[in-house]
2 protein chains.
Amino acid sequence: MDELTQRQQDILGYVVGEYIATAKAVGSDTICQSCGLGVSSATIRNELVALADQGFLSQPHTSAGRVPTAKGYRYFVERLMQRSELSLSEQTMIRHQFHQVSQDLDQWMRLAATVLAKMSQGASLIAAPQSHQTHFRHVELISISEATGLMILVLQDGSVHQQMMVYGNPVSQEQLSRVSNRLNAQFANLGTAQARAKALGEMGGEDEALVIEVSRRMVDVMYAYESQSNREIYRDGLVHILGQPEFEEIERARQVVRVLEQDSALEALFGRVQLANGVQIIIGSDDQTDDIRDCSLVLSGYGLPGEADGIVGVLGPMRMQYGRTVSAVRYVAGVMSDLLHRLYGEQMTG
Amino acid sequence: MDELTQRQQDILGYVVGEYIATAKAVGSDTICQSCGLGVSSATIRNELVALADQGFLSQPHTSAGRVPTAKGYRYFVERLMQRSELSLSEQTMIRHQFHQVSQDLDQWMRLAATVLAKMSQGASLIAAPQSHQTHFRHVELISISEATGLMILVLQDGSVHQQMMVYGNPVSQEQLSRVSNRLNAQFANLGTAQARAKALGEMGGEDEALVIEVSRRMVDVMYAYESQSNREIYRDGLVHILGQPEFEEIERARQVVRVLEQDSALEALFGRVQLANGVQIIIGSDDQTDDIRDCSLVLSGYGLPGEADGIVGVLGPMRMQYGRTVSAVRYVAGVMSDLLHRLYGEQMTG
DNA sequence: TGCTAGCACTCGGAAGGCAAGAGTGCTAAC
DNA sequence: GTTAGCACTCTTGCCTTCCGAGTGCTAGCA
């Protein structure tokens, strides 16, 4: 990695900070006056060309100030940025909101999206925690009308899945109870693959057709859940991004919206980082055709490590308040993890 | 209502159609040439001033063509527009997609949002059907760890609600089963108010503390559900709106996004119409400060009329393909209603 | 060797002027 | 009631000009 002198670091840090704050290219005079380095603007200029040569800065056009490149932002984030933790009052306010809301993962995620968007002034993204591998816990069959009903499947990780059932012929609630009791006994604690084997195997006994149908549906649901496809992603704060000057030209805004609206695109982004190690930052993209080449993404995993990984993150312009965003993401991820731990922690680790 | 001559109607219809297609103000020459009225452009101009005087058309500036006003669109939609049903192949394609997806209301709504956005080239909105008044059906308590668990509440309309429970002290699964059996017996078929009375009344017996806690939580959930607040709204196709030329100026785009991101704003919009009578269209707004004053909204209810009303709709620029959008909304609402009827219909009407 | 003052140079953006084009509104005649 | 004709208005694109910001370079200084 390129080594920069202290002064170069100071200058780079100032340029990045100033550009983030104002969205205007910053020139040598400005730096000279507000940076307190005790050197003239000419000297600054020399340093600027050095930084530009090394790819940390660029110029929109010949006679404009300098603007950070993606590489410049990366250096800033990794070495120069100072942490800015959320204030205590912000922290308590956030926790308070989470405790106020009803005890339901969906609600928490929605709230997390709202809070994160507000704190970071970017577009927040929250994906549900999902186990890569889970086990059967409980099934409940509830009759709705003569030939229709609801199957409610609870998995080991506490996730609840509902499916509507349309039976070929009338089915009574007693029959359903019989079937569910039997399935609860037979499938207790089975993993997805085992459940599949059992569902495809010989069932026999009373109500066989029904047992087979329900068990196959259960297995389908388990597979779909484990495959991670189709989990819901909560979003908020798109409006903050659209408010940034770099999205005045609508085409950029459209690109971002295109990504943000498409779950599969987001999952692809999530896949780019390993979330084991805390907050990760993706800055821009080398791929010029990439829809988020002008954006940065701050991500963190949350949940029960290794067991059920969810994702919280913020998408914003590259010109983003990194310090604050990172803190916000880290804090919200922490709160969500805590909440989940309170509920599942003992069981999982025990 | 103002009466228009046949020729004025023809002209208005043509102007609206042309403007929707091209987004350009349309002038008398264009009308004269492509409209086949057999009169000269001067005559057309005379009619145009008449239409403008009555408020159906306006001019962006003195020497531009005419553009429809909100009033013009309304007249168009109510009297001039010809229905354009979806083609049979489109219809079967849509139905097919709904049958492919897993039998789960959430999935259906997501799909509906996708399909509707695609067909209408606008931003789709889907709100879950929700009963104004519902009854207890079934409760299930599932232990997760020693002192935590899951409460799953099923209501009469088939909606499933989950809540996480943190108990004050360790609780066994047998205890939970005892409690849920008891609650299922005591609360069977109770409405929200009755359930509340029972939950607040004397319980007595074994496990009293637990019974009270769970029953109160159940009542909370029932109230929250009936109040309609906080139901989830599915969206898709924002990108289509942003693609329209009238949203080149980012400020308008921002306004729309602001509305679309805020659930409460959408519920307010939904509240503006009575959905009993099929597809409803809101065109623009008289309120100049309104965030959607440049937009139109095509809405329809779906579900089991009077029992559980959901909403499907499309938000688009005022310059919207009304014929197609109305058909798409009607069709998707129909499909959703059918699906729900298949499941709940017999029970509700029986 | 590093820093600085000075200066010519470049480029974008704003302002102004001009011509072309589109579309109107009016009038007089059919 | 309809139409041809025409003057008028207003936008749009284009070109030019001008200004200022900021650079890059060079020569001189410590």
Side-chain angles (χ1 to χ4, degrees), chain A residues 3-12 14-19 21-69 72 245-246 248-249, chain B residues 3-12 14-19 21-69 72 245-246 248-249:
Chain A
E3 269 319 315
L4 297 183
T5 65
Q6 182 58 44
R7 191 164 67 191
Q8 287 175 332
Q9 294 189 14
D10 289 350
I11 292 175
L12 178 56
Y14 181 79
V15 171
V16 173
E18 193 64 13
Y19 185 66
T22 65
K24 293 202 178 75
V26 6
S28 52
D29 273 7
T30 326
I31 304 178
C32 183
Q33 280 158 39
S34 1
C35 210
L37 283 172
V39 293
S40 78
S41 64
T43 310
I44 306 274
R45 279 204 289 283
N46 288 331
E47 298 287 30
L48 287 178
V49 302
L51 285 166
D53 285 348
Q54 291 178 77
F56 292 104
L57 297 176
S58 73
Q59 288 177 282
H61 53 264
T62 326
S63 81
R66 297 308 208 288
V67 162
T69 60
E246 45 265 71
E248 288 278 313
E249 27 180 333
Chain B
E3 270 318 318
L4 296 182
T5 66
Q6 182 58 44
R7 193 165 64 192
Q8 287 174 331
Q9 294 189 13
D10 289 350
I11 292 174
L12 178 56
Y14 181 79
V15 171
V16 174
E18 193 65 12
Y19 185 66
T22 65
K24 295 202 178 73
V26 6
S28 51
D29 273 7
T30 326
I31 305 177
C32 184
Q33 280 158 37
S34 2
C35 207
L37 283 172
V39 292
S40 77
S41 67
T43 310
I44 305 275
R45 279 203 288 280
N46 289 329
E47 298 287 29
L48 287 178
V49 300
L51 285 166
D53 285 347
Q54 290 176 76
F56 294 104
L57 297 176
S58 73
Q59 289 177 280
H61 52 265
T62 328
S63 81
R66 296 309 207 289
V67 161
T69 61
E246 46 265 69
E248 289 278 313
E249 27 179 335

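The chains referred to below are lettered A, B, ... by the order of the sequence lines, with proteins before strands, and numbering in each begins at 1. All values below come from the heavy atoms of this structure, side chains included, with hydrogens, waters and symmetry mates left out. This is a predicted model, so every value here is computed, not measured.
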Tell me the interatomic distance from [X], atom [atom1], to [N], atom [atom2], rounded to whole angstroms.
X        : N       : atom1 : atom2 : value
Leu48(A) : dA21(D) : CG    : P     : 18 Å
His61(B) : dT9(D)  : NE2   : C1'   : 9 Å
Asp29(A) : dT4(C)  : CG    : P     : 13 Å
Leu51(B) : dG23(C) : CG    : C1'   : 17 Å
Tyr19(B) : dG23(C) : OH    : P     : 14 Å
Leu37(A) : dC3(C)  : CG    : C1'   : 13 Å
Asp53(A) : dT23(D) : CG    : P     : 14 Å
Arg7(A)  : dT1(C)  : CZ    : C1'   : 12 Å

Original post:
Can you tell me how far the OG1 atom of Thr5(A) sits from the CG atom of Leu51(A), to the nearest 0.5 Å?
Top reply: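 Those atoms lie 7.5 Å apart.
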Subject >> Donor/acceptor link under 3.5 angstrom from Ser63(B) side chain onto base of dC10(D) >> reply: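 Counting by modelled atom types and ignoring angles, a donor-acceptor contact under 3.5 Å is found here.
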Subject >> Ser28(B) side chain near dT24(C) phosphate (N/O to OP1/OP2, under 4.0 Å) >> reply: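 Yes, because at least one side-chain N or O of Ser28(B) sits under 4.0 Å from OP1 or OP2 of dT24(C).
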**OP:** Using only side-chain N and O atoms of Arg66(A), determine if any of them is under 4.0 Å from OP1 or OP2 of dG22(D).
**Re:**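 For dG22(D), OP1/OP2 do not have a side-chain N/O of Arg66(A) under 4.0 Å.
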**OP:** Consider only side-chain N and O atoms of Gln6(B) and Asp10(B), and report whether a donor and an acceptor are under 3.5 Å apart.
**Re:**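 Looking only at side-chain atoms, Asp10(B) and Gln6(B) do form a donor-acceptor pair, the distance falling under 3.5 Å.
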Original post:
Tell me, do Val16(B) and Arg66(B) make a side-chain contact under 4.5 Å, heavy atoms counted?
Top reply: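 Answer no - side chains too far apart.
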Subject >> Side-chain touch Thr43(B)/Arg7(B), heavy atoms, less than 4.5 angstrom >> reply: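 The answer is yes, as the side chains (C-beta and beyond) meet within the 4.5 Å cut-off.
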**OP:** Please confirm whether the backbone N or O of Gly55(A) pairs with a side-chain atom of Thr69(A), one donor and one acceptor, at under 3.5 Å?
**Re:**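 At least one qualifying donor-acceptor pair exists.
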Original post:
Within the structure shown, what part of the strands sits under 4.0 Å from Asn46(B) by heavy-atom distance: base, sugar-phosphate, or nothing?
Top reply: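 It contacts base atoms.
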[X] has a side chain; which of [options] sits nearest to it?
X        : options                  : result
Thr62(A) : dC25(D), dC11(C), dC6(D) : dC11(C)
Val39(A) : dT4(C), dG25(C), dT3(D)  : dT4(C)
Ser40(B) : dC10(D), dT4(C), dA4(D)  : dA4(D)
Arg45(B) : dG5(D), dA5(C), dC3(C)   : dG5(D)
Gln59(B) : dT4(C), dT24(C), dT23(D) : dT24(C)

